[in-house]
Amino acid sequence: GAKIDFIRVVNAMHLLGFFKDQNNRDAHKLTVMKAFGAVLGIDLSDYDKDLSQAYQTYNSDLNTKIFKELADITKEKIEKK
């Protein structure tokens, strides 16, 4: 669903080094997830369990589907210019 897809995207962004702390070091993933959760009004404190369950339950195509959808919608937007 939407929540696990959101977690997948934020997780990937974290792995790519998008989030820094006040000392310009990589922010802790739990801190990042809790901050996004607070903004959106959802509990993401168990993101690691959610990701683990998704990785065990779904194949790689389903676990990466959101990234293909993001790429497709971005290409569509660019091509409509």
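Numbering of residues begins at 1 and proceeds along the displayed sequence.
- With rounding to the nearest 0.5 angstrom, the OG1 atom of Thr64 is 10.5 Å from the CG atom of Asp5.
- When all heavy atoms of Val32 and Ala27 are compared, the closest pair comes out as CG2-CB, 3.7 Å.
- Annotation: Phe67, atom CZ; neighbour count of heavy atoms from other residues, nucleotides and ligands within 6.0 Å is above 12.
- The neighbour count for Lys34 NZ, taken as heavy atoms of other residues, nucleotides or ligands under 6.0 Å away, does not exceed 12.
- With hydrogens and angles disregarded, no donor-acceptor distance shorter than 3.5 Å links the side chain of Asp50 to the backbone of Ile7.
- Using modelled atom types, no side-chain atom of Ser52 and backbone atom of Asp48 make a donor-acceptor pair closer than 3.5 Å.
- The backbone N or O of Ala54 sits less than 3.5 Å from a side-chain atom of Asn63, completing a donor-acceptor pair.
- Residue Glu69 qualifies as enclosed at atom CD: its count of foreign heavy atoms under 6.0 Å is above 12.
- Interatomic distance, His28 NE2 to His14 NE2, rounded to the nearest 0.5 Å: 8.5 Å.
- Ion pairing between Glu79 and Lys75 fails under the 4.0 Å rule for side-chain N and carboxylate O.
- By the neighbour-count criterion of 12 heavy atoms within 6.0 Å, atom NZ of Lys20 is densely surrounded, having more than that number from other residues, nucleotides or ligands.
- In terms of heavy-atom proximity, Arg8 sits nearest to Leu51 at CG-CD2, 4.1 Å.
- Under a 3.5 Å cut-off, the side chain of Asp43 and the backbone N or O of Ser45 do form a donor-acceptor pair.
- Between Leu15 and Lys29, the closest side-chain pair of non-hydrogen atoms falls below 4.5 Å.
- Proximity of the aromatic rings of Phe36 and Tyr47 is defined here by a centroid distance below 6.0 angstrom, and this criterion is not met.
- When the options Ile4, Val9, Val10 are evaluated for a side chain to side chain contact (heavy atoms under 4.5 Å, CB included) with Phe6, the one that passes is Val10.
- For the atom pair CD (Glu76) and OG1 (Thr74), the distance works out to 9.5 Å, reported to the nearest 0.5 Å.
- Proximity of a side-chain donor or acceptor of Asp46 to a complementary backbone N or O of Lys49 within less than 3.5 Å is not detected.
- Under 4.0 Å is where a charged nitrogen must lie from a carboxylate oxygen, and between Asp61 and Lys65 no such pair does.
- What you find for Ile73 and Leu70 is that their closest heavy atoms are CG2-O, 3.3 Å.
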